[in-house]
Amino acid sequence: MPATIVLKNGKDHSLRRRHPWVFSGAIARVQGEPAEGAAVRVETQSGELLGVGHYSGSGSIAVRMLDFGPEAELPTPDFWVKRLANAYALRQRLALTGTADTNVFRLVHAEGDGLPGLIIDVYGDVAVVQAHSVGMYRARPEIASALQVVFGDKLRAIYDKSAETTPGHAVGEGKNGYLFGESTGHEHLVHENGHQFAVDWETGQKTGFFIDQRDNRALLARYSPGRRVLNTFCYTGGFSVYALEAGAELVHSVDSSKKAIALTERNAELSSHADRHAAYPDDVLTFLKSHSAEYDLLVLDPPAFAKHLSARHAALMGYKRLNAAGIAHLAPGGLLFTFSCSQVVSPELFEGAVLAAAIEAGRPARILHRLTQPADHPVSLFHPEGAYLKGLVLAVE
């Protein structure tokens with residue numbers, strides 16, 4: 001018999017609006033002894049079923065909802081197949097699957113696809129699974145089986161990369177590895193908008209590639225011909241490759257990780273334009289302070305500066321310093337592509353930090369574009385917190 005989470009009076013409104021989080025402070029009592037990550041029922045004081053979800057007794061988010069309403073049932077193998085098939089069908093309608101130009105896409109974007117705590121990225125014929133909750137971590141066998149049903153022979157392997165993202169007490173000594181299939185032992189090459197990239201999902205950051213910048217990379221390519229481009233926090237060089245292929249005069253890439261720089265250099269080679277590219281393994285602010293070169297287009301795409309509200313103020317100060325340093329390296333009339341992936345920093349706050357940087361630099365600037373994440377990173381209308389990526393394109397005088 002599944003455990004039941006009974007909410008305090010008046011704490012059911014968010015679930016009736018289909019918000020997928022139940023906070024620990026909203027719970028009146030727990031009936032039964034649910035294990036960490038177990039599927040539980042969520043009810044009102046009067047016994048009305050509001051839905052089912054994964055339980056966590058160790059965090060502020062006590063339940064991540066999987067289904068809502070009086071007809072909600074605990075997840076079965078068919079549940080996982082239906083949810084993954086629904087997510088895949090959306091990507092098919094978006095023309096992100098089955099094309100020669102692009103074989104990289106996000107299949108599941110957590111709450112945006114009704115599966116809180118789960119990320120699945122597809123690289124050609126390999127799916128990379130990343131659990132961000134104990135419930136999803138424990139459901140990996142069912143998820144892997146459902147992926148094989150949905151994709152059939154289109155899927156060669158499923159790689160689990162949850163060891164770094166699932167709460168440590170649940171993972172224990174667990175390691176990343178293949179849930180289905182195995183490594184080929186060869187370099188993994190994929191395509192995005194006709195550009196070829198080497199992706200390391202086994203030891204690279206995240207799932208191996210920053211898929212969420214696909215549309216923004218394409219926009220940058222429109223402005224790159226003939227320009228001198230600096231791509232900071234370059235990781236695998238996505239923006240760099242797009243700029244090179246579009247005809248940039250030169251492209252410089254900077255990242256503090258030597259491994260990331262090696263991947264960037266490899267991807268520049270795959271573009272056949274490595275002669276116009278140079279990569280620097282260096283801290284970005286140190287690089288900006290020690291180099292006097294001016295660029296016509298500059299990309300600032302740092303990792304999240306704040307993962308919790310307590311760090312938000314420090315993050316905003318960090319964005320201000322970084323953008324002021326970047327603006328100082330822009331030639332008159334240059335373009336700045338600047339981003340934040342910190343969920344707790346709103347677009348308005350981020351724009352304010354960039355405004356403060358422009359004031360400090362004493363450079364007039366105009367907003368040309370406000371940027372966000374692509375369509376395969378959907379945001380549930382009932383969960384606006386899923387909108388994490390924000391960016392600006394500025395024309396700086």
Would you tell me whether Asp160 and Ser162 have side-chain atoms, one donor and one acceptor, within less than 3.5 Å of each other? yes

Would you tell me whether Ser253 and Ser240 have side-chain atoms, one donor and one acceptor, within less than 3.5 Å of each other? yes

Using a strict cut-off of less than 4.0 Å between a Lys/Arg side-chain nitrogen and an Asp/Glu carboxylate oxygen, indicate whether Arg370 and Glu351 qualify as a salt bridge. yes

Do other residues, nucleotides or ligands put more than 12 heavy atoms under 6.0 Å from Glu73 CD? no

Is it the case that His291 and Tyr280 place a side-chain donor and acceptor less than 3.5 Å from each other? no

NZ of Lys258: more than 12 outside heavy atoms within 6.0 angstrom? no

Could you give me the CA-CA distance, side-chain angles and deciding distance for Leu147 and Phe180, then say whether side chain to side chain contact (heavy atoms under 4.5 Å, CB included) is met? CA-CA 10 Å; Leu147 281 169; Phe180 165 69; over 6 Å; no

Verify whether one side chain among Glu164 and Asn176 offers a donor that lies under 3.5 Å from an acceptor in the other. yes

With a 4.0 Å cut-off on N to O distance, would you call Arg214 and Asp376 a salt bridge? yes

Count I, L, V, M, F, W, Y as connected when their side-chain heavy atoms are under 4.5 Å apart, and connections chain through other members. Are Leu368 and Ile327 then in the same cluster? no

Do Leu392 and Tyr295 share a hydrophobic cluster (ILVMFWY, side-chain heavy atoms under 4.5 Å, transitive)? yes

Parallel, tilted or perpendicular: which describes the rings of Phe350 and Tyr319, with under 30° parallel and over 60° perpendicular? perpendicular

Would you compute the distance between atom CG of Leu118 and atom CG of Leu84 and round it to the nearest 0.5 angstrom? 7.5 Å

For the OG1 atom of Thr165 and the CD1 atom of Ile119, what is their distance to the nearest 0.5 Å? 9.0 Å

Should we count NE2 of His369 as having more than 12 external heavy atoms under 6.0 Å? yes

Are Arg228 and Glu294 within salt-bridge range, i.e. N to O under 4.0 Å? no

Just checking, is any N or O donor in the side chain of Asp12 or Thr44 under 3.5 Å from an acceptor N or O on the other one? no

Taking a hydrophobic cluster as the set of Ile, Leu, Val, Met, Phe, Trp and Tyr residues connected by side-chain heavy atoms closer than 4.5 Å, whether directly or through intermediates, do Val42 and Phe68 fall within one such cluster? yes

Looking just at side-chain N and O atoms, do Glu36 and Ser56 make a donor-acceptor pair shorter than 3.5 Å? yes

Option among Phe233, Phe339, Phe197, Phe210 that satisfies the ring pair (Phe, Tyr, Trp, His ring centres under 6.0 Å) test with Phe239: Phe339

Below 4.0 angstrom, N of the basic side chain to O of the carboxylate: do Arg227 and Asp296 qualify? no

Give me each pair satisfying ring-ring contact (aromatic ring centres under 6.0 Å, His included) with a member in residues 122-154, each pair once, sequence neighbours excluded. Tyr88-Phe151, Tyr123-Trp201

Nearest-0.5 Å distance that lies between atom OG in Ser133 and atom CD1 in Ile61: 9.5 Å

Determine, using the 4.5 Å side-chain heavy-atom cutoff (strictly less than), whether Leu155 and Val149 are members of one ILVMFWY cluster. yes

Test salt bridge (charged side-chain N to carboxylate O under 4.0 Å, His left out) applied to Asp113 and Arg106, Arg83, Arg91, the passing residue: Arg91

Do other residues, nucleotides or ligands put more than 12 heavy atoms under 6.0 Å from Asp275 CG? yes

For Ile5 and Val40, which heavy atoms make the closest approach, and how far apart are they? CG1-CG2, 3.7 Å

Does anything in residues 62-72 pair up under side chain to side chain donor-acceptor pair (under 3.5 Å), and if so which pairs, sequence neighbours excluded? none

